[in-house]
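The structure displayed is predicted, hence computed values, not measured ones.
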Amino acid sequence: MVRKIRIILAFGLYATNLRCSISNIQPTSHGKTWWTQREDLSRKRSWNVESPERLLYKQPSATRGGSDVMAVTPWLAPIIWEETFNPELVDAIYKPMNLTIATTVFAVGKYIRFLGEFLETAEKHFMVDFKVHYHIFTDQPQEVPAVNLAAGRKIFVHQVPKLDRWQDISASRMQMIQTIIEEQVHREADYIYCQDVDAKFHFRWGAETLDRLVGQIHPWYYDLSRDQFTYERRPESTAYIPSGVGDFYYIGAMFGGTVEDVYRLVKKCHENIEADKAKGIEAAWQEESHLNWYLLHNKPSKVLSPEYMWDDQRGKTEVMRVIRLSQILKNYGEVRENV
Ligand code: GAL
Ligand code: MN
């Protein structure tokens, strides 16, 4: 039985103080210096929730929340839905922190066609008034559209090879995100969010999503039982999750958090993908299966509701008050390299 938990406004902000246990993944392959610096930064970071003195906002109720949805996980990480937070208050707290948020998108092969709308709509809704670094991975750098960016926002283009199978393009993202953190992002950003490019923003996608390790509930699985989740079910795979186990089915099209925590995640998933490859195994949903394994064993400190990456193929369901970002309708036969 799931007890509906009423939320307290702004609870999520306090939860940024939570340090969930992290599995024992020792960084090895990267330079010690930058990792040590990032670790120091993460220890020193002040997560004080400083609210501006005269900011007026609706009084939070200790007994009545604005929502009937589940707003906290059993390990006490907030689940972010519309009306569980006050956007003005969140912005007033986070904007003075002078944060830089990196975001990665992969526009490889025919997926380059989605990049223009992704960027244009992101400029309207994604982390507005924050410093954003878009890291675009593509095999066609000359096709990256010119988009007007607000002050403090930048585009970095990284050339990558075009692989023949969409499954390989998808799975290779973990390694490429690892590399870009090692080479650049660790010096420049506080947070990093990794998103699919075949999507469009419609509504605020803001600082309420910031946290240490952030996963997002898949729009097709939020109302199904864990045994229906499309986890990897073969014990030979490092992504194996047995039946009777699992919290949520997380979408591979959106994950994020602090640079340190996302680095641990992508590094471990990349290692596991390679270990599987050596045995001739490809997980059911490539890096999404490995992400699900990782987030089962390393609980996210914040979970995003399906509002943060919906799927236009699924009509808006009753629980959804808003759709912030959504994968657009497409003909997979046409846009994928192979079927
Ligand atoms: C689909 C989605 C895939 C994968 C799959 C998992 O809806 O398009 O990318 O997430 O669900 O079952
Ligand atoms: Mn997609």
Side-chain angles (χ1 to χ4, degrees), residues 5-20 38 40-67 69 71-73 76-103 121-134 148-154 185 188-193 201-214 216 254 256-262 300-305 307-308 321-322 324-325:
I5 299 180
R6 302 283 180 178
I7 54 97
I8 302 167
L9 193 66
F11 164 80
L13 297 168
Y14 292 96
T16 52
N17 286 318
L18 293 176
R19 305 292 300 186
C20 296
R38 290 290 319 194
D40 288 350
L41 174 70
S42 108
R43 267 191 296 275
K44 270 192 256 151
R45 233 186 223 130
S46 143
W47 289 119
N48 287 347
V49 178
E50 287 176 35
S51 187
E53 251 174 55
R54 279 179 292 275
L55 186 76
L56 295 177
Y57 55 91
K58 200 170 146 232
Q59 181 191 348
S61 164
T63 54
R64 245 179 315 169
S67 161
V69 290
V72 64
T73 68
L76 299 176
I79 307 178
I80 315 303
W81 296 89
E82 178 69 351
E83 294 182 22
T84 61
F85 63 95
N86 180 324
E88 287 78 37
L89 177 57
V90 167
D91 283 347
I93 292 166
Y94 280 90
K95 278 185 191 169
M97 291 185 187
N98 192 27
L99 301 168
T100 298
I101 295 128
T103 174
T121 57
E123 281 301 287
K124 292 197 189 110
H125 303 291
F126 179 72
M127 298 289 177
V128 173
D129 294 335
F130 283 83
K131 285 189 278 178
V132 169
H133 290 178
Y134 297 100
N148 281 333
L149 302 179
R153 298 164 78 102
K154 289 185 198 162
V185 172
E188 299 175 353
D190 301 286
Y191 292 91
I192 179 165
Y193 287 73
F201 290 87
H202 302 279
F203 197 76
R204 176 196 168 93
W205 208 113
E208 68 280 4
T209 61
L210 297 177
D211 218 292
R212 196 177 56 69
L213 181 62
V214 182
Q216 124 105 53
M254 204 333 275
T258 60
V259 172
E260 305 83 86
D261 281 86
V262 172
S301 58
K302 187 172 271 185
V303 174
L304 305 185
S305 72
E307 294 166 7
Y308 287 84
R321 285 163 205 245
V322 297
R324 302 170 191 277
L325 171 61

For this session: Just do the side chain to side chain contact (heavy atoms under 4.5 Å, CB included) check on Y57 and L55 with the steps written out, would you?
Result: CA-CA 7 Å; Y57 55 91; L55 186 76; 3.9 Å; yes

Quick check: do [X] and [Y] have side-chain heavy atoms less than 4.5 Å from each other?
{"X": "T100", "Y": "F130", "result": "no"}
{"X": "I101", "Y": "H133", "result": "no"}
{"X": "I192", "Y": "T103", "result": "no"}
{"X": "M127", "Y": "Y191", "result": "no"}

Does [X] reach the main-chain N or O of [Y] with its side chain, forming a donor-acceptor pair under 3.5 Å?
{"X": "S305", "Y": "I80", "result": "yes"}
{"X": "D211", "Y": "K302", "result": "no"}
{"X": "Q216", "Y": "V303", "result": "no"}
{"X": "S301", "Y": "R212", "result": "yes"}
{"X": "E50", "Y": "I93", "result": "no"}

Exercise. Sequence neighbours excluded, which residues qualify as side-chain contact (heavy atoms from CB on, under 4.5 Å) partners of H125?
Worked result: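 Listed in chain order: F201.
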
Do you know the tightest heavy-atom contact between [X] and [Y]?
{"X": "V214", "Y": "L304", "result": "CG1-CG, 3.6 Å"}
{"X": "G256", "Y": "V262", "result": "C-CG2, 3.3 Å"}
{"X": "L149", "Y": "E123", "result": "CA-OE1, 3.4 Å"}

Problem set entry | Check ion pair R321-E307 (N to O, under 4.0 angstrom) |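 Salt bridge between R321 and E307, a charged N being under 4.0 Å from a carboxylate O: no.
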
Exercise. Around D40, counting heavy atoms of other residues, nucleotides and ligands shown, do more than 12 lie under 6.0 Å from its CG?
Worked result: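 More than 12 heavy atoms, drawn from other residues, nucleotides or ligands, come within 6.0 Å of this atom.
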
Exercise. Which distance, rounded to the nearest 0.5 Å, do you find between the CZ of R324 and the OG1 of T121?
Worked result: 14.5 Å

Exercise. Can you tell me how far the OG1 atom of T258 sits from the CG atom of D190, to the nearest 0.5 Å?
Worked result: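 Separation between the atoms: 9.5 Å.
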
Problem set entry | Derivation and outcome, side chain to side chain contact (heavy atoms under 4.5 Å, CB included), residues K95 and D129 | CA-CA 8 Å; K95 278 185 191 169; D129 294 335; 3.1 Å; yes

Exercise. Quick one: salt bridge (charged side-chain N to carboxylate O under 4.0 Å, His left out) partners of E260, sequence neighbours excluded?
Worked result: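 With neighbours one apart ignored, the set is R38, R45.
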
For this session: Kindly determine whether L210 and L99 satisfy side chain to side chain contact (heavy atoms under 4.5 Å, CB included), including the steps that lead there.
Result: CA-CA 10 Å; L210 297 177; L99 301 168; 3.7 Å; yes

Please enumerate all residues that pass side-chain hydrogen bond (donor to acceptor under 3.5 Å, both in side chains) together with [X], with sequence neighbours excluded.
{"X": "E188", "result": "Q184"}
{"X": "Y193", "result": "none"}
{"X": "E208", "result": "R204, Y308"}
{"X": "K124", "result": "none"}

Problem set entry | side chain to side chain contact (heavy atoms under 4.5 Å, CB included) assessment of R153 paired with Y134 | CA-CA 8 Å; R153 298 164 78 102; Y134 297 100; 3.0 Å; yes

